[in-house]
Amino acid sequence: MKTGELLIALTATMLLASSAAAQNNFNYPKPYVQIAGLYGLCNWSGHNASGDCSENFDSSFGFNFRGGARLNRWFAVEGQVEWASGYDATPAGIASATTPNLTRATIDSLAYTVNARFYPTEGRIQPYAIAGIGGQNAWL
């Protein structure tokens, strides 16, 4: 075997071995944390003639936090908290016969869940199925 062919064969073997080892780096058990911002768009319909709430309610900023652990190649568990603040309502959006003197309202919400993730594939990109149970608190 010529030196050039040997060098090409060794390089190809090293590249294939390193890519196979790199794939396994994404599948081993480990903890993880995710922090993300969110922007909730006001999309409640049916409360006025136009079906658009943008003139009566503001959209909202908030955050999302997840923390969990990948238990094995197929399965992970996590806890999730999502907070949204500041769905501010204008007087036209909150006026009613029962609260005629209410001039301003803000809706804040906190959602929390415990989730299980199932990973059907291996590799760098891993789609997953998620199922969970939780609750939500909202303050007006």
S.K.: Could I get the full list of side-chain contact (heavy atoms from CB on, under 4.5 Å) partners for F75, not counting sequence neighbours?
M.R.: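 If we apply the side-chain contact (heavy atoms from CB on, under 4.5 Å) test to F75, skipping adjacent residues, the hits are L71, N72, V77, A116.
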S.K.: For L38 versus W83, what's the shortest heavy-atom pair and its separation?
M.R.: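 Smallest heavy-atom distance, with atoms named: CD2-O, 3.9 Å.
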S.K.: Working to the nearest 0.5 angstrom, can you tell me the gap between E82 CD and N64 CG?
M.R.: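 It comes to 4.5 Å.
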S.K.: Could you see if F63 belongs to whatever hydrophobic cluster contains V33? Use Ile, Leu, Val, Met, Phe, Trp, Tyr and a side-chain cutoff under 4.5 Å.
M.R.: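 Yes: a chain of side-chain contacts under 4.5 Å links F63 to V33.
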S.K.: Sequence neighbours left out, cut at 3.5 Å: what donor-acceptor pairs do the side chains of residues 129-140 make with other protein atoms?
M.R.:
none

S.K.: I'd like to know if L110 and I35 are part of one continuous hydrophobic network [Ile/Leu/Val/Met/Phe/Trp/Tyr, side-chain heavy atoms within less than 4.5 Å].
M.R.: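 Yes, I35 and L110 fall within the same hydrophobic cluster.
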S.K.: List for me each residue that meets side chain to side chain donor-acceptor pair (under 3.5 Å) alongside E78, sequence neighbours excluded, and say none if there are none.
M.R.: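 E78 satisfies side chain to side chain donor-acceptor pair (under 3.5 Å) with Y32, R66, N115, R117 once adjacent residues are dropped.
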S.K.: Counting distance only, does the side-chain N/O of S85 pair as donor-acceptor with the main-chain N or O of G62 below 3.5 Å?
M.R.: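 It does not hold such a pair.
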S.K.: What heavy-atom pair brings A36 and Q34 nearest, and what distance separates the two atoms?
M.R.: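 What the structure gives for the nearest pair is CB-NE2, 4.0 Å.
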S.K.: Between R73 and T121, is there a donor-acceptor pair closer than 3.5 Å when you use the side chain of the first and the backbone of the second?
M.R.: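 The answer is yes, because a donor-acceptor pair under 3.5 Å joins these two groups.
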S.K.: Below 30° counts as parallel, above 60° as perpendicular, anything between as tilted: where do the rings of Y119 and Y128 land?
M.R.: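 Aromatic pair Y119/Y128 classed tilted.
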